[in-house]
Amino acid sequence: MTLVVEPSFQPLETGHVRSVVQQHGERRVLHIKTLWTKAGGIEQQILGIIQRSSDARTIHHVAQLVPNVPSRYGLDLVQSDVLTEISVGEDRLHPVVWDRLGLLMPTLRELMRLIAHHSIDLLHVHDNRANFVGAVLARWCKLPLVASLYGHVRTSWKLRVLAWLDHQLLRSADHIIATSPSMMPWIPAACASRITTILNAIETTPLRMSVTERTDLIRQLGLNSQRPIVSLVGRLSEEKGHQVLLAAVPIVLRCFPLTQFVFVGDGPLRRVLEQQVEQAGLASSVRLVGFVDNVRAVMSLADVGVQPSLTESLPLTILETMAQRKAIVATDVGSIREAVVEGETGLLVRPHDSAALAQAIIAMLENVPRRNAMGERGARLVQERFSIATRVLQVHALYQRVFDSRHLFRTTK
């Protein structure tokens with residue numbers, strides 16, 4: 001069984017791309033992203049494109065697909081902390097209801113209304129649901145489609161089916177952005193000529209906090225500044241490996257009994273993790289602090305940053321922790337080794353291996369000069385390879401290539 005969505009790469013007979021882009025030099029991009037959590041790495045990538053763009057010709061709009069039923073995770077999914085009316089622009093941020101009961105026509109009609117009202121020239125989609133509506137809208141509205149691929153979670157049969165469907169939908173895109181080299185095997189071979197790797201990126205300026213601000217934050221989190229701090233930042237879900245780290249905690253505590261472990265984030269695994277912490281008698285050493293207003297500030301408190309993911313592409317949390325001059329212990333999955341260079345900017349271990357994870361954390365805690373040197377090298381690497389300014393230039397160059405290809409296609413017909 002093959003899901004066929006006809007390519008959006010077709011001549012525009014009455015579309016406005018020709019009239020707006022070619023006559024006036026402006027281009028309007030509509031980013032489409034499902035809103036699942038208040039803050040996330042993909043939202044930060046979209047905001048970087050919008051805020052750091054020096055191309056005044058490009059006007060960015062964002063459509064947030066908001067589920068119309070409460071999440072069973074108990075999270076507030078109504079508003080994003082990243083893509084807001086202040087950060088994006090009041091007239092450029094558009095919440096659109098995604099009917100999780102399967103009635104998609106109202107969603108598609110609202111998006112078509114936005115496209116027509118704001119004279120959108122290009123669709124840029126950022127997750128599997130956005131890929132679906134983007135594939136449909138690109139064909140109906142005769143617009144070019146760019147799809148960014150950040151990775152798939154395949155920890156259940158439902159997620160594996162969604163990944164397969166997404167694999168089929170990518171065939172309809174004019175161009176695909178792979179956000180790390182590990183994405184390449186997930187992209188259909190038929191799309192090989194339409195793939196560009198543009199690495200995830202962050203604001204690389206280190207956070208600066210006063211002594212007072214640092215002291216206040218440590219107190220708010222219930223930590224002790226005289227004890228080692230190990231941080232794990234990420235959504236509380238199975239693929240992020242929190243339970244692997246929990247199993248490693250007692251091993252670390254046998255060598256460094258005063259170590260504090262801080263889990264930052266929220267998600268479906270929160271209650272399970274809280275129960276496991278309590279049952280294991282680790283409440284005095286492990287804190288689940290949920291969402292925080294300034295994640296980078298918490299990262300800056302840590303002595304070691306940990307990312308024990310079971311499956312991953314290249315998480316922004318690793319780059320952000322490295323930007324704070326912190327050494328990393330991470331699993332060797334996806335494209336993490338693009339940033340965590342073994343023995344240089346951090347230590348890599350096998351996924352699911354709690355004992356190896358514990359030993360790597362212990363090695364970091366017992367050798368402060370080596371840890372600090374890794375942190376400095378990591379900050380330099382992030383500055384050189386993962387700057388948001390570089391990524392924005394690459395994305396805008398890609399937009400231009402897509403427009404040029406469309407124009408060439410039309411003129412040769």
Side-chain angles (χ1 to χ4, degrees), residues 27-65 79-90 92-94 122-127 130 134 146-151 175-181 183 196-207 233-235 265 291 293-297 299-300 312-324 335 338-339 378-379 381-402:
R27 54 191 181 192
R28 294 174 173 85
V29 177
L30 178 64
H31 299 270
I32 307 177
K33 169 73 177 72
T34 309
L35 178 59
W36 290 117
T37 60
K38 296 173 65 176
I42 299 177
E43 285 81 3
Q44 293 177 39
Q45 297 304 290
I46 297 171
L47 187 61
I49 295 172
I50 295 171
Q51 290 190 333
R52 293 297 298 270
S53 173
S54 60
D55 185 355
R57 298 177 305 159
T58 304
I59 300 171
H60 296 272
H61 290 259
V62 177
Q64 292 188 133
L65 304 179
Q79 293 181 327
S80 169
D81 287 345
V82 178
L83 299 173
T84 67
E85 290 183 350
I86 295 175
S87 64
V88 176
E90 184 177 356
R92 298 182 186 178
L93 181 66
H94 315 285
L122 180 144
L123 302 176
H124 189 165
V125 291
H126 297 270
D127 59 56
V146 173
S148 283
L149 183 61
Y150 300 90
H175 211 91
I176 301 167
I177 296 175
T179 55
S180 73
M183 298 296 98
T196 299
T197 299
I198 301 179
L199 297 174
N200 281 337
I202 63 166
E203 295 288 352
T204 56
T205 305
L207 179 72
V233 180
R235 186 168 180 265
F291 287 115
D293 291 333
N294 193 337
V295 175
R296 292 206 304 162
M299 292 173 173
S300 72
E312 195 63 84
S313 55
L314 179 55
L316 295 182
T317 52
I318 282 183
L319 303 180
E320 291 168 339
T321 303
M322 291 172 63
Q324 305 309 312
S335 292
E338 294 286 322
L381 178 64
V382 168
Q383 182 69 45
E384 293 166 2
R385 294 200 60 201
F386 301 100
S387 166
I388 193 69
T390 300
R391 185 176 192 275
V392 170
L393 290 175
Q394 293 172 328
V395 170
H396 279 277
L398 175 58
Y399 289 164
Q400 189 60 54
R401 285 163 52 196
V402 170

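Model, not experiment: these values are computed from the prediction.
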Asker: Using every non-hydrogen atom in the two residues, find where Leu319 and Asn200 come nearest and quote the distance to one decimal.
Answerer: CD1-O, 3.8 Å
Asker: When Ser148 is tested against each of Lys33, His124, His175 for side chain to side chain donor-acceptor pair (under 3.5 Å), which residue passes?
Answerer: His124
Asker: Without swapping roles, check the side chain of Ser87 against the backbone of Val82 for a donor-acceptor pair under 3.5 Å.
Answerer: yes
Asker: So which heavy atom on Ala130 is nearest to which on Thr34, and how close?
Answerer: N-OG1, 4.2 Å
Asker: Can you confirm whether Arg385 sits close enough to Thr390 that some side-chain heavy atom of one is under 4.5 Å from a side-chain heavy atom of the other?
Answerer: no
Asker: If you compare all heavy atoms of Gly134 against all heavy atoms of Leu123, which two are closest, and at what distance to 0.1 Å?
Answerer: O-CD1, 4.0 Å
Asker: Checking side chain to side chain contact (heavy atoms under 4.5 Å, CB included) between Ile202 and each of Glu320, Arg296, Met322, which is the one that passes?
Answerer: Glu320
Asker: I want to check something: taking the side chain as every heavy atom from C-beta on, are Leu316 and Gln45 in contact at a cut-off of under 4.5 Å?
Answerer: yes
Asker: Between Gln383 and Thr204, do the side chains contain a donor N or O and an acceptor N or O under 3.5 Å apart?
Answerer: yes
Asker: For the backbone of Leu207 and the side chain of Gln324, can you confirm whether one donor and one acceptor N or O come within less than 3.5 Å of each other?
Answerer: yes
Asker: Under 3.5 Å, side chain of Glu312 to main-chain N/O of Ser335, donor-acceptor pair present?
Answerer: no
Asker: Could you check Gln51 against Val392 for side chain to side chain contact (heavy atoms under 4.5 Å, CB included), going step by step and ending with a plain yes or no?
Answerer: CA-CA 9 Å; Gln51 290 190 333; Val392 170; over 6 Å; no
Asker: Heavy atoms only: give me the nearest Thr197-Pro181 pair and the separation to one decimal.
Answerer: CG2-N, 4.3 Å
